[in-house]
Amino acid sequence: MNKITEEQQFRDLINQEKLAIVVFKTTWCGDCHYINPFMPEVEEQYKDKVTFYEIDRDELPDLCLELNILGIPSFIAYKNGKELIRFVNKLRKSREEIEQFVNRAVDVSEHL
């Protein structure tokens, strides 16, 4: 997963034609570590339709505040600079839930 470390980099990357999903995490978050083993497989599964990015919430706190990122890990889908849908809560996310979110994001993106 490509890591975003600057706010302008985030804005540039979400402003693409291809669907982007940004995953907001932290190094100390147990639920964030829980998804690490299977996320590369999820990325591979959707590589033709989605580009995944990662932001450490503690590295870009102002941006995360602006985006109202409270629970982590959180997922937000963007296309052409616009937020399409989000999967944001404070609960642990299973692979199946993440795949359902990605499928919904792909569906929304294709209907724009």
Side-chain angles (χ1 to χ4, degrees):
M1 195 173 320
N2 300 311
K3 188 164 183 174
I4 297 174
T5 57
E6 297 177 2
E7 189 172 323
Q8 189 56 52
Q9 178 189 19
F10 163 78
R11 298 196 190 285
D12 292 343
L13 291 171
I14 66 163
N15 205 26
Q16 305 296 319
E17 175 67 25
K18 187 174 180 183
L19 178 63
I21 293 181
V22 182
V23 183
F24 296 85
K25 302 163 75 176
T26 65
T27 57
W28 51 263
C29 166
D31 291 342
C32 299
H33 291 287
Y34 173 79
I35 69 171
N36 285 342
F38 60 78
M39 279 307 296
E41 294 171 4
V42 172
E43 288 180 72
E44 179 65 23
Q45 179 180 342
Y46 292 96
K47 70 180 179 186
D48 295 332
K49 298 181 179 186
V50 180
T51 303
F52 288 86
Y53 299 99
E54 175 183 327
I55 291 179
D56 185 317
R57 190 181 74 173
D58 292 341
E59 291 178 9
L60 295 174
D62 292 339
L63 175 64
C64 291
L65 183 64
E66 172 190 326
L67 298 173
N68 200 30
I69 303 299
L70 302 174
I72 48 172
S74 292
F75 296 74
I76 303 181
Y78 295 93
K79 185 174 181 177
N80 295 323
K82 293 188 167 82
E83 179 180 326
L84 303 182
I85 60 172
R86 59 173 54 204
F87 183 24
V88 177
N89 61 40
K90 62 182 180 178
L91 304 175
R92 175 174 281 181
K93 289 143 185 79
S94 69
R95 179 178 180 154
E96 293 76 26
E97 290 172 318
I98 293 168
E99 289 173 343
Q100 288 172 359
F101 166 77
V102 175
N103 287 330
R104 283 193 316 269
V106 168
D107 286 345
V108 170
S109 173
E110 290 175 350
H111 287 95
L112 291 178

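The analysis underlying the following values was restricted to heavy atoms, covering all of them including side chains, and did not include hydrogens, waters or symmetry mates.
- Cluster membership for I85 and I69, using ILVMFWY side-chain heavy atoms within less than 4.5 angstrom, is not shared.
- Annotation: cation-pi pair K93/F87 present, NZ/CZ under 6.0 Å from the ring centroid and within 45° of its normal.
- Across all their heavy atoms, C29 and H33 have their closest contact at O-CD2, 3.0 Å.
- Rounding to the nearest 0.5 Å places CG of L60 at 8.5 Å from CD1 of I4.
- Between T51 and L13, every side-chain heavy-atom pair lies at or beyond the 4.5 Å cut-off.
- Remark: K82 NZ to I14 CD1 distance equals 10.5 Å, nearest 0.5 Å.
- V108 and V42 fall within the same hydrophobic cluster, where Ile, Leu, Val, Met, Phe, Trp and Tyr residues are linked whenever their side-chain heavy atoms come under 4.5 Å apart, directly or through other members.
- Here the rule is side-chain hydrogen bond (donor to acceptor under 3.5 Å, both in side chains) with K25, and of D31, N36, D56 only N36 fits it.
- Cluster membership check: V102 shares its hydrophobic cluster with I35, using side-chain heavy-atom separations under 4.5 Å among Ile, Leu, Val, Met, Phe, Trp and Tyr.
- The shortest non-hydrogen separation linking S94 to F38 is C-CZ, 4.0 Å.
- Taking CZ of R95 as the reference point, atom CE of M39 lies at 9.0 Å (rounded to 0.5 Å).
- Residues D12 and Q8 bring a donor and an acceptor atom of their side chains to less than 3.5 Å of each other.
- Minimum heavy-atom separation, Y78 to L19: O-CD1, 3.4 Å.
- Side-chain contact between N80 and E17 is present, with heavy atoms from C-beta onward closer than 4.5 Å.
- Note that CZ of F10 and OH of Y53 are 11.0 Å apart. Values are rounded to the nearest 0.5 Å.
- Across W28 and I72, no two heavy atoms sit closer than the pair CH2-CD1, 4.0 Å.
- The shortest non-hydrogen separation linking R86 to N68 is NH1-O, 3.6 Å.
- Taking a cutoff of 4.0 Å between a charged side-chain nitrogen and a carboxylate oxygen, K47 and E43 do not qualify as a salt bridge.
- The cluster map of Ile, Leu, Val, Met, Phe, Trp and Tyr, joined by side-chain heavy atoms under 4.5 Å apart, puts I21 and I98 in the same cluster.
- Taking hydrophobic clusters as Ile, Leu, Val, Met, Phe, Trp and Tyr residues chained together by side-chain heavy-atom distances below 4.5 Å, V106 shares a cluster with F101.
- Of the inter-residue distances, the one linking F75 atom CZ with R104 atom CZ reads 11.5 Å to the nearest 0.5 angstrom.
- Here the straight-line distance linking atom CD of E59 with atom CD of E6 works out to 10.5 Å at 0.5 Å rounding.
- Counting all heavy atoms, side chain and backbone alike, E99 lies closest to Y46 at O-OH, 3.5 Å.
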